[in-house]
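Here the structure is laid out as structure tokens; the discussion comes afterwards.
Proteins get letters first, then strands, A, B, ... in listed order; numbering begins at 1 in each.
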Amino acid sequence: MDDAGDPLSAFREEAARALRAALAKVGAAEADLLLERPPEGMGDIALPCFSISKLLRKAPDAIAKEIVSVMTSGEEMERAEAVGGYVNIHARFDRLAERAFTAALSDGMEYGSGAPRGERVLLEHTSVNPTGPVHIGRARNPIIGDTIARIMRLAGYNVTTEFYVNDVGRQVATMTWGVKNLRVAEEPERDKDDHRFVSYYREANRKCEEDPEAQAQVNELLFKLEHGDPETVSLNRQTSERVLNGMLASLADINVHIDGFMWESKLVEDGSVDRVIDRLKGSRFCHESDGARHLELESFGITGRDTKWVFTRADGTSLYTTRDLAYHLDKFSRSDVAINVLGEDQKLGMQQLAAALSIIGSERAPETVFYSFVSLPEGRMSTRKGTVVTLDDLVDEAKERAYEEVRKRRKDLPEERMREIARIVGTGALRYNIARIQAEKQIVFRWEEALNFEGSSAPFVQYAHARACSIMRKASAAVSPDRAAACVGKLTTDHERALLKLIAAYPATVRECAEARRVHTVASFAQDLASQFNQFYRYVPVLKAEGDTRDARIALVEAARRTLRSALGCLGLEAPEEM
RNA sequence: GGGCGCGUGGCCUAGCUGGAUAUGGCACUUGCCUCCUAAGCAAGCAGUCAAGGGUUCGAAUCCCUUCGCGCCCGCCA
């Protein structure tokens with residue numbers, strides 16, 4: 001693996017080698033080398049000696065001291081010390097700084113990039129029913145999905161994102177029936193097809209609840225859909241496509257763009273679903289009752305009231321999960337790693353899908369990132385009931401509030417520029433606020449939190465970037481990597497050193513987040529980096545410094561700027577040059 | 001009834017393959033713009049890491065029980 005882009009790797013490897021050798025010398029050659037990051041100011045890498053203590057039957061601190069005394073020195077290490085049962089190793093700052101500057105300031109490759117990897121990653125996200133506007137209960141999906149894609153791409157993975165369009169199910173059929181048979185008087189809240197058609201969807205649902213005849217008609221439409229009745233298929237495709245386009249416009253507003261689409265109807269039309277059904281029928285887990293077929297999954301660790309997994313209705317038509325099974329087989333044929341971003345309500349479904357996959361002999365299973373729902377203080381959102389805050393409303397409100405903030409401080413800017421900054425800052429605040437929280441935690445949506453413009457927020461990070469840009473504009477020229485590396489000795493203050501160390505940690509952070517398919521750690525890294533930069537900015541003059549010191553500081557600002565921009569990019573946020 | 005997840009200062013949150021004084025932010029109080037943009041910086045206030053038990057030299061982290069919240073257990077998607 002190519003670690004040229006990671007300034008810390010040489011130090012980490014040297015420290016690991018030295019520690020392993022030292023462990024052998026003290027008679028603990030077989031101990032695991034679990035290294036961790038010590039607290040601020042206590043070095044750059046640490047070996048806890050507590051588990052070794054069991055092995056050697058000695059006090060941890062005695063072992064730490066012994067290890068330190070037998071450790072060899074190296075190019076990358078400054079010193080090792082024993083503190084409270086830990087061996088803390090400090091990196092040689094100059095070496096680290098040289099490597100960081102070389103990696104961060106070289107043109108042609110974004111800082112943080114990992115070496116290209118061979119495997120194809122197919123990342124499915126969002127995939128919501130095209131029955132109405134994207135609301136914030138769903139908005140977590142595109143934000144998490146798009147951010148994972150960006151992080152993984154930077155880390156070197158070959159990622160394609162895909163949206164699975166559920167255009168053959170009952171929900172869409174209900175909407176299509178409504179569009180065809182109902183007349184909805186109310187004007188849509190917005191002149192967009194997702195907002196327009198959701199009224200028909202809601203009205204159709206209401207009708208179905210009170211009128212069995214309407215319900216029967218929807219069922220008939222559903223049957224025609226699955227049996228390829230041209231007129232029905234075409235009308236259904238038209239409505240869902242129009243709603244989908246409305247949703248995609250909303251997603252584009254928060255900088256989410258999807259590479260490809262798979263229409264569920266295609267899997268029905270091209271026979272993939274029938275082939276899957278045939279394979280399931282041949283399984284010894286397959287049973288039939290009243291014409292419907294199901295798999296008995298009790299032996300697959302699935303528990304509850306019912307362990308049946310139904311895959312064909314009595315009329316022979318397929319169900320959502322059956323079609324999803326066909327979709328997964330298709331995904332496997334096009335990728336080496338398949339990742340899904342799904343709401344936590346899909347957990348059982350995914351477990352069943354994995355069981356079904358193994359039953360039909362697939363060696364592969366998708367990897368899934370689950371997230372909990374965003375709810376309102378008054379409870380859960382529902383498209384059908386209309387208790388939603390739409391993404392479009394949220395984006396408008398964010399831009400409006402950000403505009404007020406811009407106007408407060410930048411009266412010098414032309415209107416158009418103020419609007420542009422407000423857009424960047426406002427939509428950024430939204431994305432950041434979702435991305436910063438661990439996927440499995442529930443979120444209760446509150447306007448004042450979603451549109452927070454200070455502290456742990458996108459604007460905080462963007463502001464640090466804008467400040468760095470401001471310095472770079474005023475500095476006559478950027479500093480070359482070689483020139484920067486030559487004056488690292490001038491970086492002597494704690495503020496400078498702490499900032500540089502954070503910058504140096506960026507590539508490893510990106511790599512780890514990509515591997516763990518984790519988003520929120522990049523958000524907190526960005527926050528830490530911005531905070532450290534702001535302290536540096538406050539206490540360390542750059543433009544007023546002279547000679548090598550000035551060049552070293554300009555190089556540090558430029559490295560910070562590039563790192564901030566890249567981290568913002570991972571989060572799908574724009575990096576404004578002024579705010 | 002069963003399964004999965006979450007529960008950290010008034011509010012939001014990090015840490016959770018056990019380990020060094022539990023991380024940041026919001027709110028609140030108080031300082032800092034003749035100085036590269038104050039969307040900033042600094043200081044203060046604030047914690048029985050849901051509760052109880054267990055394992056361990058050591059538990060926010062692992063195990064058990066209980067409580068609270070969310071999600072799921074459809075011939076819906």
According to a cutoff of under 5.5 Å between the ring centres and under 30° between the ring planes, does Tyr86(A) stack with the base of A20(B)? yes

Any N/O pairs under 3.5 Å between the protein and nucleotides 56-66 of chain B? List them or say none.
unit_1	atom_1	unit_2	atom_2	d
C57(B)	N4	Lys54(A)	NZ	3.4

Interface polar pairs with nucleotides 10-12 of chain B, N/O, under 3.5 angstrom:
unit_1	atom_1	unit_2	atom_2	d
C12(B)	O2'	Arg436(A)	NH2	3.2

Assigned partner base of A60(B), Watson-Crick or wobble definition, under 3.5 Å: none

Take atom CZ of Arg140(A) and atom C1' of C6(B), then tell me their distance rounded to the nearest Å. 11 Å

Whole-Å distance between A20(B) P and Arg37(A) CZ? 15 Å

So what's U65(B) paired with, Watson-Crick or G-U wobble, going by both distances under 3.5 Å? A51(B)

Considering only heavy side-chain atoms of Val406(A), the closest of A20(B), C72(B), A39(B) is A39(B)

G40(B) - base-pair partner by Watson-Crick or wobble geometry, distances under 3.5 Å: C32(B)

Nearest to side-chain heavy atoms of Phe460(A), which nucleotide of G40(B), A77(B), C71(B): G40(B)

Hey, does Pro48(A) reach any base, or is it just sugar-phosphate, or nothing, if we go heavy atoms under 4.0 Å? nothing

At a cut-off of 3.5 Å, list every protein nitrogen or oxygen paired with a nitrogen or oxygen from nucleotides 25-29 of chain B, distance to 0.1 Å.
unit_1	atom_1	unit_2	atom_2	d
G25(B)	O2'	Ser456(A)	N	3.1
A27(B)	OP1	Glu454(A)	OE2	3.3

Could you tell me the separation between the CD atom of Gln438(A) and the P atom of U8(B), rounded to a whole number of Å? 12 Å

Under a 3.5 Å limit for both distances, which nucleotide forms a Watson-Crick or G-U wobble pair with G70(B), could you say? C4(B)

Can you say whether a donor on the side chain of Arg538(A) sits under 3.5 Å from an acceptor on the base of C41(B), or the other way round? no

Arg419(A) to Tyr403(A) six-membered ring, cation-pi geometry met (6.0 Å, 45°): yes

